[in-house]
Colleague: 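Can you read through this structure? Questions will come right after.
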2 protein chains.
Amino acid sequence: MATMVEVARKAKVSISTVSHVLNGTRNVEPETRKRVLAAIASTGYRQDALARALRRSQTDSIGLVVSDAGEPAFAEMVHGVEHAAVENGLTLVLANSAENADREKKAVQTLLNRRVDGLILARAAESDPALLQALEQEKPPTILLDRIFSQLPFDQVGADNRETMRQLVTHMIVSGHRRFALVAGDVRVPTLQERMGGFTDASLEGRLGLDEQLIITGTDREALAEELGNSLRTGQITAVIACSTPLAALSLRTLARAGISTPRDIAFATFDGFDNSDLFQPRVTTVRQPAFDMGAAAVHLLVERLRTPEASPRTVRLQQRIEWRESTEDYRRQPAGD
Amino acid sequence: MATMVEVARKAKVSISTVSHVLNGTRNVEPETRKRVLAAIASTGYRQDALARALRRSQTDSIGLVVSDAGEPAFAEMVHGVEHAAVENGLTLVLANSAENADREKKAVQTLLNRRVDGLILARAAESDPALLQALEQEKPPTILLDRIFSQLPFDQVGADNRETMRQLVTHMIVSGHRRFALVAGDVRVPTLQERMGGFTDASLEGRLGLDEQLIITGTDREALAEELGNSLRTGQITAVIACSTPLAALSLRTLARAGISTPRDIAFATFDGFDNSDLFQPRVTTVRQPAFDMGAAAVHLLVERLRTPEASPRTVRLQQRIEWRESTEDYRRQPAGD
DNA sequence: CTGTTAGCGCGTTCAA
DNA sequence: TTGAACGCGCTAACAG
């Protein structure tokens, strides 16, 4: 690899001149600039971003830690982050915590060692609280993505999970449902907690009895499926709501095993959901996360933060859209009480 | 940020000793090592990967350029690459070319400027041939992922697209189909070309007439849909095969618009396909790409290449699995000729 | 077993 | 308008 020295020699200038034409950081005689450019072309010189970063103490790169690169919603977020990053002249360094506190910590360490200019964290469910405290100490510019912890002094971007869930459930109550099963999953995850919160809100407003709201929580898929299956078998429940894509898959599978189909026998809705839902049966009513936009928003917040490090933290909540489909349409069965 | 100098001073040793306990690169008295470790902890020192990389001319990072971060198959590849990367102590720098030659070139430039130790490329369809030539010149360790160009002197990993398509079509011919529509899409993409090749192979072996193999190629979605729609309306075709997820979506949508349903009226199969296919109707027969494994394989090849730069290039083809489902099962209509 | 020191390739002051 | 020279933080060769 050619370095500046070779370019300088070839162009018969000093390396400082080369640097300046490269960065446009001071005026240089058109004539000499031309010579330099020619020398660059002929040597195949390429600026060493490492040395440059070391010297400027700025890498023009950001780190992104996602908790599950597998889920489509996260993949879209990554996509959005990458897109907005290049738009802002930033390179993206990606790490995956696989929902594991230890890997998450290591990932953050690695990224910090690489001197990324900023960090975007979609935190793991069992994330070590100490991690965030440590970050508060060192205060590298950090954005929390998707999973919002409201009392934290960080910039954050998420979706209005609680409100959207409230709307979803309210609508279903209005159309006659009274006995719900909410497949909530791991409620240590703030996102899922918010969704559960929205369900509770709507239940209160709709004056649902406690026995009419079955909330299924937990980490173990088998256990979740079994609990759902059992309660389905009572025949009371008229609507199932899943709080994430994996929970939806699990729920649909459980429904199928129990010989229950939607929308004929039961109503069904989910958050996040599946791609191309309108091509397939059952057409599932889905709360779509603006995942791409969330990723992009995180980058924008980060860029802002880099510009004004002392500004007070902001939380951005993006709106979600409810895509109503047949799985919640065909409600005919009325609960016994009516 | 604390530097080695501060750690050294605090531990009353030289910076070289600090470096050596950090990297375990030479023996050091347990006593002094302890002092150093203590100093590191108390200063909150963190090794600067930039300076280290500059000095060693090795970044322990790899660059990945994907052509469409949106498609699930690519998302899975990214996932696989990331996973295998950390396993090998490598950090992943991600870029997206969005199927655009220009962005792809810029991405490669950026990555090279960052002095990544190696490159993994899932190339864009309209990728500039000059790009690869340039790479051959500079020869940074490079792996071509998913889209294989057989005559190129690079390590490559792909799937056995041709063979799998041949099997798929042969099986369908055997079960009685004779009039196919292949939605092939942009056949400049090697992957899609291979799949088309497999279709032709099977047609030959199955003695299909030329009028019995409708191959729909092109870039414009509208045009593809229209051509498929038109040929569907002739009522001759008994099987549609889509060569990628977006093409499958487009095909299913076209079928729906034409009032044709699978498997009742027509057989349907696709490559790549949709997540959780077994939960939804129609249950689509799908050739599943081992995307995660392909990503991981690319990293392994890269690590090998870094170890032995002069070894001759290898091409790895991973096997694909055909997931047979109902969309190809229910074949009753026989072509008029039988 | 430990310390001194010369760069890695750049950006940036200071002087001319 | 240009050049000389220092140092970012680190590794590794050399010396002791």
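Within every chain, numbering begins at 1; the chains are lettered A, B, ... in the order of the sequence lines, protein sequences first and strands thereafter.
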Colleague: Quick one: list whatever passes salt bridge (Lys or Arg N to Asp or Glu O under 4.0 Å) with Arg103(B), sequence neighbours left out.
Modeller: Glu82(A)

Colleague: Give the rounded distance in Å between these two atoms: CG of Asn113(A) and P of dG9(D).
Modeller: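 So the CG-P distance, Asn113(A) to dG9(D), works out to 14 Å.
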
Colleague: In whole Å, I'd like the distance from the CE atom of Met1(B) to the P atom of dC8(D).
Modeller: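 Answer to the nearest Å: 15 Å.
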
Colleague: Using only heavy-atom distances, determine whether the side chains of Asn113(B) and Arg52(A) contain a donor-acceptor pair under 3.5 Å.
Modeller: no

Colleague: Please state how far atom CG in Asp48(A) lies from atom C1' in dC8(C), giving the value in whole angstrom units.
Modeller: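 It works out to 8 Å between those atoms.
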
Colleague: Do side-chain atoms of Arg35(B) reach the backbone of Ala11(B) as a donor and acceptor pair under 3.5 angstrom?
Modeller: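 Present.
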
Colleague: For Thr43(B), check side chain to side chain contact (heavy atoms under 4.5 Å, CB included) against everything at least two apart and list the hits.
Modeller: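 Side chain to side chain contact (heavy atoms under 4.5 Å, CB included) check on Thr43(B) returns Ala2(B), Val7(B), Lys10(B), Tyr45(B).
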
Colleague: So, the side chain of Ser61(B) versus the backbone of Leu92(B): is there a donor-acceptor pair under 3.5 Å, distance only?
Modeller: no

Colleague: Does Val5(A) reach a base, just sugar-phosphate, or nothing at all? Heavy atoms under 4.0 Å.
Modeller: nothing

Colleague: Give one of base, sugar-phosphate or nothing for Ser57(A), where a contact means two heavy atoms less than 4.0 Å apart.
Modeller: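 The residue Ser57(A) makes no contact with any strand.
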
Colleague: May I have the distance from Arg55(B) (atom CZ) to dG9(C) (atom C1'), rounded to whole angstrom?
Modeller: 12 Å

Colleague: Using a cut-off of 4.0 Å on non-hydrogen atoms, how would the nucleic acid contact of Thr17(B) be classed: base, sugar-phosphate, or nothing?
Modeller: sugar-phosphate

Colleague: Report yes if a side-chain nitrogen or oxygen of Gln58(A) is closer than 4.0 Å to either non-bridging phosphate oxygen (OP1 or OP2) of dG11(C); otherwise report no.
Modeller: no

Colleague: Determine the sole option in Asp60(A), Thr59(A), Thr91(A) for which the side chain to side chain donor-acceptor pair (under 3.5 Å) test with Arg114(B) is passed.
Modeller: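 Only one of Asp60(A), Thr59(A), Thr91(A) forms a side chain to side chain donor-acceptor pair (under 3.5 Å) with Arg114(B), namely Thr91(A).
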
Colleague: Just the rounded figure in Å: distance from P of dC8(C) to CE of Met4(A).
Modeller: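 One finds 15 Å between P of dC8(C) and CE of Met4(A), rounded.
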
Colleague: Rounded to the nearest angstrom, tell me the gap between atom NE2 in His20(A) and atom P in dA4(D).
Modeller: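 Atom NE2 in His20(A) sits about 14 Å away from atom P in dA4(D).
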
Colleague: Could you check whether Glu99(A) pairs with Arg147(A) (Lys NZ or Arg NE/NH1/NH2 to Asp/Glu carboxylate O, under 4.0 Å)?
Modeller: yes

Colleague: In this structure, how many angstroms lie between the C1' atom of dG9(D) and the CD atom of Glu6(B), rounded?
Modeller: 11 Å

Colleague: Mind listing the residues from residues 22-33 of chain A sitting with a heavy atom below 4.0 Å of DNA chain C? Number order is fine.
Modeller: Asn23(A)

Colleague: Would you say Thr3(B) places a side-chain N or O within less than 4.0 Å of OP1 or OP2 belonging to dG9(D)?
Modeller: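 For Thr3(B), the contact criterion (side-chain N or O under 4.0 Å from OP1 or OP2 of dG9(D)) is not met.
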
Colleague: Provide, to the nearest angstrom, the distance between the CZ atom belonging to Arg114(A) and the P atom belonging to dG9(D).
Modeller: 18 Å

Colleague: Is Arg52(A) close enough to dG11(C) that one of its side-chain N or O atoms is under 4.0 Å from OP1 or OP2 there?
Modeller: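 Looking at the OP1 and OP2 atoms of dG11(C), one of them is under 4.0 Å from a side-chain N or O of Arg52(A).
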
